[in-house]
Q: 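Would you mind keeping the following structure in view while I ask a few things?
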Amino acid sequence: MAAQHSQGIQTLLEAEKEAAKVVQAARQYRVQRLKDARTEATKEIEDYKKLKEQEFKAFEDSHAGSTQSAQSAVDKETEVKLQKITDAYQTHQDQVVKKLLDRVVLVKPELHRNLKKVGLE
């Protein structure tokens with residue numbers, strides 16, 4: 001009976017060793033799967049990032065032309081307005097100088113309106 005008892009214990013020990021091997025293999029498999037998942041996720045992130053960068057570059061390129069054309073249109077409009085102002089200045093320069101001189105030279109001495117109210121009326 002002792003031999004049968006020790007043989008049962010030996011069987012249990014072997015089963016325990018086998019279970020420990022299975023658990024160890026499962027742990028290694030789980031660690032490997034986590035590493036693979038991280039690697040795959042990193043690769044997907046990089047692919048997605050490249051895709052979005054390409055989309056952004058395409059968007060930027062398609063709108064860059066409109067920005068340049070808008071800038072040139074604004075520059076042309078500014079040039080036209082500046083030319084109009086310069087022309088108006090050249091045209092009315094003599095008249096403005098004449099009006100200023102008339103105002104400065106032709107002085108009509110009058111009492112100030114507040115002085116009139118004080119009692120000189």
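Everything numeric in this text was worked out from a predicted model, so none of it was measured. Position 1 is the first residue of the sequence; numbering continues from there.
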Q: For the pair L51 and D47, evaluate side chain to side chain contact (heavy atoms under 4.5 Å, CB included) and give the outcome as yes or no after the intermediate values.
A: CA-CA 6 Å; L51 175 69; D47 291 344; over 6 Å; no
Q: Would you mind reporting whether K52 and F56 have side-chain heavy atoms less than 4.5 Å apart?
A: no
Q: Check the surroundings of atom CD in E40: do more than 12 heavy atoms from other residues, nucleotides or ligands lie under 6.0 Å from it?
A: no
Q: To the nearest 0.5 Å, how far apart are NE2 in H92 and NZ in K99?
A: 9.5 Å
Q: Does K50 form a salt bridge (Lys or Arg N to Asp or Glu O under 4.0 Å) with E53? I'd like the steps, not just the answer.
A: CA-CA 5 Å; K50 286 178 184 177; E53 284 178 2; over 6 Å; no
Q: To the closest 0.5 Å, what do you measure between NZ (K81) and NZ (K76)?
A: 15.5 Å
Q: Salt-bridged, D102 to K98, with N to O below 4.0 Å?
A: yes
Q: Could you grab the distance from atom CZ of R30 to atom CG of L34, nearest 0.5 Å is fine?
A: 6.5 Å
Q: May I ask you to check whether over 12 heavy atoms, not counting those of Q93, lie within 6.0 Å of atom CD?
A: yes
Q: Among V80, I85, D87, exactly one meets side chain to side chain contact (heavy atoms under 4.5 Å, CB included) together with Q83. Which residue is that?
A: D87
Q: What's the spacing between L82 CG and E77 CD if we round to 0.5 Å?
A: 12.5 Å
Q: Counting C-beta onward and ignoring hydrogens, is there a side-chain heavy-atom pair between E16 and L13 closer than 4.5 Å?
A: yes
Q: Measuring only between side-chain heavy atoms, which start at C-beta, is V97 closer than 4.5 Å to L101?
A: yes
